[in-house]
Undergrad: 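Sharing a structure with you now.
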2 protein chains.
Amino acid sequence: MSKLLKSYDRSRIPLYIQVASVMRQRIQSGQWAPGQRISTLEELEREFQVARVTVRQAIAVLQEEGLLHAQQGRGTYVSDLTPSRHWFKLETTWDELIESIRDNVPQQMTLEQDVPPPPLQPNDGQAAAHYVRLRSVQYRDNEPYSLVNLHLAQHIFELDPKRFMRSPALPAIAALSQVKVAYAHQTLVIGSADPETADRMMVAIGAPTAECHCVVIDETGTAIYVADIIYRSDCIKLQIDLLGNGPAPGRAAPAKPPRRPKAKQS
Amino acid sequence: MSKLLKSYDRSRIPLYIQVASVMRQRIQSGQWAPGQRISTLEELEREFQVARVTVRQAIAVLQEEGLLHAQQGRGTYVSDLTPSRHWFKLETTWDELIESIRDNVPQQMTLEQDVPPPPLQPNDGQAAAHYVRLRSVQYRDNEPYSLVNLHLAQHIFELDPKRFMRSPALPAIAALSQVKVAYAHQTLVIGSADPETADRMMVAIGAPTAECHCVVIDETGTAIYVADIIYRSDCIKLQIDLLGNGPAPGRAAPAKPPRRPKAKQS
DNA sequence: CTCAATTTGTTCGTATGTATG
DNA sequence: ACATACATACGAACAAATTGA
């Protein structure tokens, strides 16, 4: 038996979906380039060690997703326009993070006053006396890609309620001269969508997600901003500069990009 | 109809697996605590809007995983020992990264000489003249959790072939006084296991993975180390210090925690 | 100890989905 | 396209174990 059939025992997921997911991976990784003709049904049958109909079911799945189109007598081709993945760069420093989300527009913002404090991890500082809870959804091209569940210390929220209700909170906090940010950190794990998340983000239940837990602590050690943000897994990308001396000079880039030429702290 | 049934149309994955994945999430998130008795079959039927048999299939899945145990007449209980998740911290600075993998022991190391250069991203510098390819598997408790596919510049490899063959390459490079590391970065995206990955890491085909692309560039702008590392998604956790001034002082910790607070002071 | 309530375990019939050759 | 086999899912009824009154 083939490797795939052995793995099938491990997974319980219908075979044609597994085949489809392997083929999807090949398209998205570029191993099957846009416009290219892929292997014939017979070759795919042999490669995956499955029946012809199963291959066709897998192809049907990818046709519905717009990644493939099959033509009788000619063959099966990869679509020219494959949707871009990993377009959302999750920044790893305070300044870049603020900058990257400055112009985001949160949708479906809801506010709850006087909510219980958020669950805090060991390094998340101490809870504030009162929190408000802001929930919102981020969209791109009319498609939701992240859910924000934010606990904001009430005394911070009241410094500029209108702004917090209509624009991202982190830039708003950075703009508040009264507030001194002492520590800020973020953790990321890979999870899977529960029914509510799946529904709000329009993905399947159990689809992989990136779960970010972002905490901002003021000079008194109080967690003034505690956000749990869930991203679709296929849109996110992290870029980590291990030495902290900026990216390597690119092909046509100048030899010495000393820092970030963008905006300076104000 | 319920949210779950609507989402089911979107997913094509068997219903009982979706139910199981929601229940698994609840256990792993602590919403269902270890030892706790969970809702009765009838309540779960109503909540998920599925038939009794479907709930039981989901429970059977989680029983096989050791997360639940059911007892006739009494109820269904969460196991006391639920396996730990996210135990692998992927460090985000050079020094911490080196330190964290120093004592790892790669298994099943294979070497290929004179391989074609690795695919390089725009900021990955220039390819070296010759590369060797080292592949290995990382284990914990006899379970594989990551696959390493490393392209190492041949002239670097030859500085200490024996060490590169039996211990992690990054600490080995850091230890080489002849080598000056100018840039080092890492990108992370979420992918899914292809058949070979699934087989070597003993997960299902299509299971989510964390794909790391780590590049080390020397002072001549040459990519001397290009690693593509695939982790199981459920073991990995990133911790990003946005301000770069260390973690916030913990509850019982002194104001200046020197490094790793292994032992706690009370 | 028995009874009743509660809860999981099992079985049947039916319909649809998945996979093979 | 067809015939076959097995998996998935439903609803309903019944059986068996546990608990407490």
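Letters A, B, ... mirror the listed sequences (proteins, then strands); counts begin at 1.
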Undergrad: Are any of B/T54's side-chain N or O atoms less than 4.0 Å away from OP1 or OP2 of D/dT8?
TA: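 So the side-chain polar atoms of B/T54 never come under 4.0 Å of the phosphate oxygens OP1 or OP2 of D/dT8.
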Undergrad: State which of C/dT8, D/dT8, C/dA19 makes the closest approach to the side chain of A/Q57.
TA: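 Looking only at side-chain atoms, A/Q57 lies closest to C/dA19.
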Undergrad: Rounded to the nearest angstrom, tell me the gap between atom CG in B/L68 and atom P in C/dT8.
TA: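 Rounded to the whole Å, the gap is 11 Å.
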Undergrad: Can you tell me how far C1' of C/dT8 sits from CD of B/E45, to the nearest Å?
TA: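 In whole Å, C/dT8 C1' and B/E45 CD are 11 Å from each other.
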Undergrad: Between the protein and nucleotides 11-17 of chain C, list the N/O to N/O atom pairs that are separated by less than 3.5 angstrom.
TA:
none

Undergrad: Would you mind classifying the nucleic acid contact of B/Q71 as base, sugar-phosphate or nothing, using non-hydrogen atoms under 4.0 angstrom?
TA: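 It contacts sugar-phosphate atoms only.
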Undergrad: Show every side chain to side chain donor-acceptor pair (under 3.5 Å) that has at least one partner inside residues 227-237 of chain A, sequence neighbours left out.
TA: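 For residues 227-237 of chain A: A/H213-A/D228, A/R232-A/D234.
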Undergrad: Between C/dT18, D/dT19, C/dT20, spot the one nearest the side chain of A/V50, thanks.
TA: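 The nucleotide sitting nearest to the side chain is C/dT20.
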Undergrad: How many whole angstroms separate atom CD of A/Q49 from atom C1' of C/dA19?
TA: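 One finds 14 Å between C1' of C/dA19 and CD of A/Q49, rounded.
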Undergrad: Starting from C1' on D/dC6, measure out to CZ on A/R12 and report it in whole angstrom.
TA: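 One finds 16 Å between C1' of D/dC6 and CZ of A/R12, rounded.
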Undergrad: Do the side-chain N or O atoms of B/R74 get closer than 4.0 angstrom to the phosphate oxygens (OP1, OP2) of D/dT19?
TA: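 It does, given that an N or O in the side chain of B/R74 lies less than 4.0 Å from OP1 or OP2 of D/dT19.
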Undergrad: Separation of B/I13 atom CD1 from C/dT18 atom C1', in whole Å?
TA: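 Rounded to the whole Å, the gap is 14 Å.
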